[in-house]
Amino acid sequence: MPLPAFTDHGVLPPGDHRLTFAELKDSVLVHGPGTAESERWDPDWRLFLIERAEILVQQLWDVGIEDVYLDGSFVEAKSHPNDIDGYFICDVFDFASGELQHKLNARDPHKVWTWDPGERRAYRDYVKKQLPMWHVYRVELYPHYGQISGIQDAHGHDLLFPSAFRLQRNTDAPKGIIHIIPEERT
């Protein structure tokens with residue numbers, strides 16, 4: 001099923017939108033919304049971000065992680081998003097033991113798989129320091145094993161990644177997210 005158009009608020013309609021990378025590359029997220037915003041739309045940059053995310057997601061799939069979600073300003077009607085954010089569902093023991101990180105870094109030539117805050121580095125004039133994967137790929141993917149995300153709703157309640165990533169920043173309005181799937185799962 002093709003990706004629906006952005007809502008009037010510039011986000012995907014609420015829900016999990018299951019897409020392969022081929023479908024994502026041929027979607028409104030690359031080609032633009034067909035509105036006045038489309039004049040500034042940067043399809044080459046958006047395609048570049050998808051290709052970078054595809055490298056990391058393939059590494060996750062290679063180690064048995066099946067559920068990966070892509071989000072952030074990339075899935076909004078923003079002509080030139082800074083990056084792609086997302087999360088994946090993993091086993092708490094694989095994460096806590098370091099086994100998951102070890103398996104992923106064995107596949108990545110840059111060894112970018114870490115979520116250690118001490119590994120974050122500054123980038124130009126950005127206020128927030130970025131993880132190594134962001135510096136190499138312009139993508140940040142976080143493990144989810146039932147923990148809170150560090151993001152709160154409008155009432156100050158801590159949110160899990162699945163909830164946090166399905167709310168528009170600043171308004172807490174529901175929004176859609178991309179559930180990226182391999183070709184064979186379509």
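Values reported hereafter were calculated over all heavy atoms of this structure, with side chains retained and with hydrogens, waters and symmetry mates removed.
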- Message: Can you tell me if Asp8 has over 12 outside heavy atoms packed within less than 6.0 Å of its CG?
- Response: no
- Residue pair Met133 / His110, side-chain heavy-atom distance below 4.5 Å: no
- Query: When clusters are formed by joining ILVMFWY residues with side-chain heavy atoms under 4.5 Å apart, either directly or through shared neighbours, do Leu12 and Ile84 land in the same one?
  - Reply: yes
- Item | Glu54 CD to Ile50 CD1 distance, which is reported to the nearest 0.5 Å | 9.0 Å
- Heavy-atom distance under 4.5 Å between the side chains of Ile65 and Ile89, does that happen here? no
- Closest non-hydrogen atoms of Pro143 and Phe95, given as atom of the first, atom of the second and distance, are CG-CE1, 3.5 Å
- Message: Tell me if a side-chain donor or acceptor on Trp41 pairs with a main-chain N or O of Val30 at a distance below 3.5 Å.
- Response: yes
- Message: Would you call the rings of Trp113 and Trp115 parallel, tilted or perpendicular, taking 30° and 60° as the class edges?
- Response: tilted
- Message: If hydrophobic clusters are built from ILVMFWY residues whose side chains come within less than 4.5 Å, do Phe88 and Val92 share one?
- Response: yes
- Query: Which heavy atom in Phe6 sits nearest to a heavy atom in Val75, and how many Å separate them?
  - Reply: CE2-O, 3.6 Å
- Ignoring hydrogens and geometry, is there a side-chain-to-backbone donor-acceptor pair from Arg52 to Val136 under 3.5 Å? yes
- Which pair of heavy atoms, one from Ile178 and one from Leu19, lies closest together, and at what distance? CD1-CD1, 3.7 Å
- Message: Assess whether a salt bridge exists between Asp71 and Lys175, defined as any Lys/Arg side-chain N lying under 4.0 Å from an Asp/Glu carboxylate O.
- Response: yes
- Item | Charged tip of Arg166 within 45° of Tyr69 ring normal and under 6.0 Å | yes
- Message: Angle between ring planes, Tyr87 versus His144, binned at 30° and 60°: parallel, tilted or perpendicular?
- Response: perpendicular
- Note, Leu141 side chain near Val57 side chain (heavy atom, < 4.5 Å): yes
- Query: So do the side chains of Ile151 and Leu167 get within less than 4.5 Å of each other, counting heavy atoms only?
  - Reply: no
- Item | Asn82-Tyr123 side chain donor-acceptor pair, cut-off 3.5 Å | no
- Message: Does any part of the side chain of Thr20, heavy atoms only, come nearer than 4.5 Å to the side chain of Ile180, both counted from C-beta?
- Response: no
- Message: Any non-hydrogen side-chain atom of Phe48 less than 4.5 Å from a side-chain atom of Asp44?
- Response: no
- Item | Contact check, side chains of Leu3 and Glu23, non-hydrogen atoms, under 4.5 Å | no
- Query: Going only through I, L, V, M, F, W and Y residues with side-chain contacts under 4.5 Å, is there a path from Leu131 to Val68?
  - Reply: yes
- For the atom pair CD (Glu99) and CG (Leu104), what is the distance rounded to the nearest 0.5 Å? 10.0 Å
- Message: Which residue is it: Val139, Leu49, Asp83? I am looking for the one with a side chain to side chain contact (heavy atoms under 4.5 Å, CB included) to Phe74.
- Response: Leu49
- Query: So, for Leu29 and Arg46, which heavy atoms are closest and what is the spacing to 0.1 Å?
  - Reply: O-NH1, 2.6 Å
- List the atom of Val63, the atom of Leu100, and the distance in Å for their closest heavy-atom pair. CG2-CD1, 3.9 Å
- Task: Could you go through the salt bridge (charged side-chain N to carboxylate O under 4.0 Å, His left out) check for Arg120 and Glu140 one step at a time?
- Result: CA-CA 11 Å; Arg120 289 181 174 273; Glu140 283 189 331; 3.6 Å; yes
- Item | Within 6.0 angstrom of Lys111 NZ, more than 12 heavy atoms from elsewhere | yes
- Message: Once rounded to the nearest 0.5 Å, what's the spacing between atom NE2 of His17 and atom CD1 of Ile177?
- Response: 9.5 Å
- Query: With side chains defined as the heavy atoms from C-beta onward, is the minimum distance between Val112 and His135 less than 4.5 Å?
  - Reply: no
- Could you give the distance from NZ (Lys103) to CG (Leu60), rounded to the nearest 0.5 Å? 12.0 Å
- Message: If you compare all heavy atoms of Cys90 against all heavy atoms of Tyr145, which two are closest, and at what distance to 0.1 Å?
- Response: O-CB, 3.5 Å
- Query: Can you tell me how far the OH atom of Tyr142 sits from the CG atom of Asp85, to the nearest 0.5 Å?
  - Reply: 6.5 Å
- Measure the NZ-NE2 distance between Lys25 and His31 for me, rounded to the nearest 0.5 Å. 11.5 Å
- Query: Can you tell me if Ser73 uses its side chain to pair, donor with acceptor, with the backbone of Pro81 under 3.5 Å?
  - Reply: no
